Amino acid sequence: MNQQPMNIEIRSEIGRLNAVLLHRPGAEVENMTPRTVQRALYSDILNLSVARQEYEELSGILGKVAKVYEVADLLERVLDKPDARQELIQRICATEEVTDYFDMLMAMSSKMLVTVLIEGLPAKINTLTSYFKNEYYALPPLYNFYFTRDAAVTLGSQVLACRMANKVRMREALIMDAIYRESGEFNCNVVDANDFQFNKEGINMEGGDIIVAREDILLLGNGMRTSTQGIDFMIERFRRDFGPGRYNIIVQQLPSEPESFIHLDMTFTFLDRDKCLVFDPLILESNQYQTVHIVVENNKVKSIRPVAGILPALKKLGMDLKPVICGGDDEWDQEREQWHSGANSFAWAPGKVLTYARNIHTLDQLDKNGFEIVLAEDILSGKISEDILHDDKPVAVAIAGAELARGGGGPRCMTMPLSRQKVEW
């Protein structure tokens, strides 16, 4: 008997995790050269063998607290369905302007096609045009796919397939859309921002900028990857689904540089019902970046007004959060550790978080705020009992991240939550 599809259910950032979607970094991470690294949205080339070892700590801990789904496995199920395969390959070929490769892709086995869609397809140099184009790949590798947070977003019982800011990541969103619709594993309504029929100019959004604070509160970052038009699209599309009552969207403007400010979750993440991890200069200090509170009431936008910041706005809405400072008290340490995703934590339950071991000043701040600091390797080796993952005491599990962090993201970036338990606020 077939298992019933799982209901998508995400109404907070901290509810106890039931299921999560991951993608282990593979050959796509190394399928770049110094010449193409910037186009791949990296600042350096990762050592894949080390990155994989570090990733095993993340996936190993999550496998002890929730059901783990793998992108490659679900994509293969999609490709096993002839109609779903044809639709996805048509969309990819049209989007990436490689329609002459359609028949070749369709003829591949599902397993081989999964590899090609993720790790890349070398170009055929059989015309003068292709020769002068000087591109090694017809379908570039999905260098960033292990950051599963960005290409699709789970909001309540719905999924938003994002319209990515960079063409090199568009295929990720198309794949995620197909997985949620066609893998047979999930029960949800899917909104595809890439299928919006009107003017798409400027409409971009990515999951790192979208934070579900509470059932009635959504935090959105407006910066390099999520535009004001993208935010307007999300509000217009989802306000009809909010239902009666009052809903709050808090928008935080983000700096355009350095690249470590790529998403809101690089500067702010939830730790517990009453604590959050923040990059002080942007979230707490006075600066030129606006915070805006949008109220949607009975399916209509009622007001748009400036507020003093994320934390004051949340406090007025009944969420009084104590900030834990990424990098500690020293501004140099704050900048260095924010660059290495120090503010990018992932909570699998209230007060239970994953973070990088390399950010020692951030770990010190977590310790001072009541979190027991343990190494993931000590839990996975049995040195420390895994009971610490399931009790009610605050804990920060530190995973190795010397290579993973160089990709430009942290534990929240690498996790796509699918279902969480309800939080008793």
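Computed from a prediction, not measured in an experiment: that's the story for all the values here.
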Taking side-chain hydrogen bond (donor to acceptor under 3.5 Å, both in side chains) as the definition, give me every residue that meets it alongside Asp280, ordered by chain and number, with sequence neighbours left out. none
Given Asp192, which of Arg91, Arg163, Arg181 fulfils the side chain to side chain donor-acceptor pair (under 3.5 Å) condition? Arg91
Using the ring pair (Phe, Tyr, Trp, His ring centres under 6.0 Å) rule, collect all pairs that involve residues 250-287, keeping only residues at least two apart or in two chains. Phe261-Phe279, Phe268-Phe270
Under a 4.5 Å cut-off applied to non-hydrogen side-chain atoms, are Asn344 and Cys413 in contact? yes
Counting only heavy atoms not in Arg336 (residues, nucleotides, ligands), do more than 12 fall under 6.0 Å from its CZ? no
Side chains of Ile388 and Glu372: closer than 4.5 Å at any heavy-atom pair? yes
Considering non-hydrogen atoms only, spot the tightest contact between Tyr101 and Ala138 and give its length. CZ-CB, 3.5 Å
Closest non-hydrogen atoms of His340 and Asn359, given as atom of the first, atom of the second and distance, are O-ND2, 3.1 Å
Could you give me the CA-CA distance, side-chain angles and deciding distance for Glu337 and Thr362, then say whether side-chain hydrogen bond (donor to acceptor under 3.5 Å, both in side chains) is met? CA-CA 7 Å; Glu337 297 203 358; Thr362 302; 2.6 Å; yes
From the options Thr355, Asp265, Thr269, select the one residue that forms a side chain to side chain donor-acceptor pair (under 3.5 Å) with Arg412. Asp265
Classify the side-chain pair Glu9/Ser157 by whether it contains a donor and acceptor separated by less than 3.5 Å. no
Any salt bridge linking Arg239 with Glu236? Criterion: basic side-chain nitrogen under 4.0 Å from a carboxylate oxygen. yes
Compute the centroid of each ring, for Tyr146 and then for His23, and state whether the two points are separated by less than 6.0 Å. no
Asn18 side, atom CG; Ser419 side, atom OG - distance, nearest 0.5 Å: 4.0 Å
Please determine, by modelled atom types, if Lys322 and Asn369 share a side-chain donor-acceptor pair under 3.5 angstrom. yes
Only one of Phe346, Trp348, Phe371 passes side-chain contact (heavy atoms from CB on, under 4.5 Å) with Val397; say which it is. Trp348
With heavy-atom distances below 4.5 Å as the criterion, would you say the side chains of Ser303 and Ile294 are in contact? no
Any side-chain heavy-atom pair from Val296 and Arg246 closer than 4.5 angstrom? no
Are His293 and Asn248 linked by a side-chain donor-acceptor pair shorter than 3.5 Å? yes
